[in-house]
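Just so you know, these numbers come straight off a predicted model, no measurement behind them. The chains referred to below are lettered A, B, ... by the order of the sequence lines, with proteins before strands, and numbering in each begins at 1.
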Amino acid sequence: MSRFYVTTAIPYVNAKPHIGFALELVQADVIARYQQIKLGEDNVYFLTGADENSLKNVQAAEKEGKSTSNYVAEMSDRFRTLTKILNISNNDFICTTEQRHIKGAVKLWQTCNPEDIYKKFYSGLYCVGCEQYYTQEELVEGKCPEHKTKLELVTEENYFFKLSNYQRKLEELIDSDQLQIIPQSRKNEMLAFIRDGLEDFSISRSRQRARGWGVPVPGDDSQVMYVWFDALSNYLNALDFYIEGELYKKFWVGESYKLHVIGKGITRFHCIYWPAMLLSAGLPLPNKIFVHGYVTVDGQKISKSLGNTVDPFELVNKYGAEAVRYYLLREIPAYDDGDFSEQKFLQRYESDLANSLGNTFSRVTNMIERFGQGKFNQAENINAYTSGTAKAIEYHLRNFQFDKALLAVFNLLAEIDVEIDQTKPWVMARTGQIADIQLLLDKWGTMLLDVAWYLKPFMPETAIKMEKFLRQNKITKSQPLFPRLNN
RNA sequence: CGCGGGGUGGAGAAGUGGCAUCUCGCCUGGCUCAUAACCAGGAGAUCGCGGGUUCAAGUCCCGCCCCCGCAACCA
C-alpha cells in the first residue's frame, strides 16, 4: 500500500451540522493524518463534502423561504467552515451541484452495463406532505406516520438498477473481506441482507416528484437521478472521474487503498448499492468501509423536537478544537453509539487533558528548567522507551479504535508520573545527584517528544506546541497546555 | 417463532472453564517537582433471572425477562 484515499459521507444539508458529523470528520481526519505521516502527504487524499441534491434540501429551503440553490450554498458553507474550525486536513470539499460532480454522475450512469439499467413501473403509497413513499409496514393505522393523512397510490415509470445481478458477487466480496466491512456486526448485517435476496432498486425519479432538483438522467429529461445514485459517485467525481484526471488515476484506479468512513444509517448504500454500481461499470471497488455509531446527547437520540442538538461550533468556541477532537475520539466507542454530555466533556477535559497530559508536561518541563539548566538529551534510538506504544497505535487504528489508541499514549504519561514519584528528583537535588537527575530528565523529555509524535494525528496543534517547546535551546517551565476550566 | 448484537461495582468498558480486571468518579493516607495536580492503599459487583453440565461457570447447555441495531426506493 503506497497510496491512501479516505472519504467521509456527504451529509445532506437540510440543517446545520451537528456533533455527529463532527465525529465522522474527526475520525476520518485521524486516519488521514496518520497515513500522511506514514506515506507522505502527496500519497494521501482526504475528501469530504456535502450532498446538495437531496429532496430534503428543497423542502428545507422552501420552509425558510429561500431559493434552493442559495439555501444549499449557504448550508454547505457551514459544513465547510466546520472542517476548518475542527482543523480537519481534508484536501477537498465536494458539493454535488458542481459540474465535475454532475458530469461524473452522468458518466457513471453511462458506464454501467446497459443491461443493468431498465425502465419499470413502480407504484407505492405516497404522502404528498412528506413527498415520499411509505411501505405498508411503516404506516400507522394505514396512514402517514408524520401527517396522519391517507396516502395516495401513485404509479410512476422509473429507471431501475439490476441489483439482483450482483447478489452472489457481493456476498463473496464481503464474506472474503475483499470488501472489508468494520465492525464485524455490520458485516454480518449486510451478509444477512444479501442472503435474504436482493431486489432491484429504482435509480430515478420523475422530474416533477423531484421538483426539478437533481442530476438529469442522460438522454431522458423527464427523469432525475435518485439522489443516492448521484451522491455515491461523489467519491469518484472529486478525483475528476469525468475526464479521468490525474487524481482519479492516482487514487482510484491506481494502487491505492480506498476507505469510506460512514455512519450506521447508510451502511446498505455503501456496502451493497455502491459496490454493485461500480461492478456494473467495471470500476475498482473500495477496500474498506468503516461504520461508526451515532452520538447521543445525555443518553438520548439527537432530535430537533427534543431540542437536544449540540452545536459543534459553540463547543469549539468554548473549549477549543483540540479538546473537542479529544473527547469525540476518546469517549465515543468505535463500533457503537456513544454519548455526549457537558458533564462528561468537562470530566474528560479535567482528568485527561488538564491533569494527565497538561500537568505531566508542566512538571517535567519545570524540572528540566530547575534541575537540568533547561536542557535534556533526546535518546538516539527512536522510540527508545515507547516502542510498544507505536505498535499498539498501529493495531488499534487499523480497527478504528481511537479510544484504545489514545489510552496507549496516555499510559506513557502515567508511567512518567509514577517514575517521578518513585525517584523524587527534588530529593536527589538536595543530595547533589545532578548527573542522575539529568539521566531521568533525558528519559522523560524523550518520552514527551514521543507522546507529541503519537498525538499528531489526534491533536495536531497540541503535538506541535509540545514539540516546539521541548526543542527550545533553553527550556523553561511551560504555560499550561490545557488550563483548568473553572476557577 | 424474521435476522443480528448485547445485559459485568455509581458511569463506561475488558474478560471463550481456574484468585473478577481496567479507565473515570468516591474515601483514606503520602508527597511537595507540577494546573488542589501526582503516588499508594481502600470501599463499592448476588457478573439480567431461573435451572443444568463440571472438581471448577461471568465464560459451556436449556428456559425466561429486558435493551439495541437491521428488516428495501427519506437520507
- NA contact type, A:Val364, heavy-atom cut-off 4.0 Å: base, sugar-phosphate, or nothing? nothing
- Message: Walk along nucleotides 22-28 of chain B from 5' to 3' and tag each nucleotide B, S or - by protein heavy-atom contact under 4.0 Å, base first, then sugar-phosphate.
- Response: -SSS---
- What orientation do A:Tyr349 and A:Phe482 show, parallel under 30°, tilted 30 to 60°, or perpendicular over 60°? perpendicular
- Query: B:rC73 P sits how many Å from A:Phe161 CZ, rounded?
  - Reply: 17 Å
- Task: Could you check how far OH of A:Tyr12 sits from P of B:rA75, rounded to whole Å?
- Result: 8 Å
Give the table of side-chain donor-acceptor pairs shorter than 3.5 Å for residues 182-191 of chain A, with sequence neighbours excluded, one pair per line with atom names and distance.
unit_1, atom_1, unit_2, atom_2, d
A:Gln184, NE2, A:Asn188, OD1, 3.4
A:Arg186, NH1, A:Glu189, OE1, 3.0
A:Arg186, NH1, A:Glu189, OE2, 3.4
A:Lys187, NZ, A:Asp175, O, 3.4
A:Lys187, NZ, A:Asp177, OD1, 2.9

- Message: Please compare A:Arg363 and A:Phe269 by the position of their nearest nucleotide in RNA chain B and report the one closer to 5'.
- Response: A:Arg363
- Task: Give a yes or no on whether a salt bridge exists between A:Arg398 and A:Glu394, defined as a side-chain N under 4.0 angstrom from a carboxylate O.
- Result: yes
- With respect to the side chain of A:Ser202, which nucleotide from B:rC73, B:rU35, B:rU32 is positioned closest? B:rC73
- Side chain of A:Pro333 (C-beta onward), nearest among B:rA13, B:rC39, B:rA37: B:rA13
- Proximity to the side chain of A:Asp417 - top-ranked nucleotide from B:rA75, B:rG69, B:rC38: B:rC38
- Query: So which pairs with a foot in residues 438-448 of chain A pass salt bridge (charged side-chain N to carboxylate O under 4.0 Å, His left out), sequence neighbours left out?
  - Reply: A:Glu419-A:Lys443
- Message: If you only use heavy atoms from C-beta on, which nucleotide in B:rU35, B:rA75, B:rU32 is closest to the side chain of A:Tyr226?
- Response: B:rA75
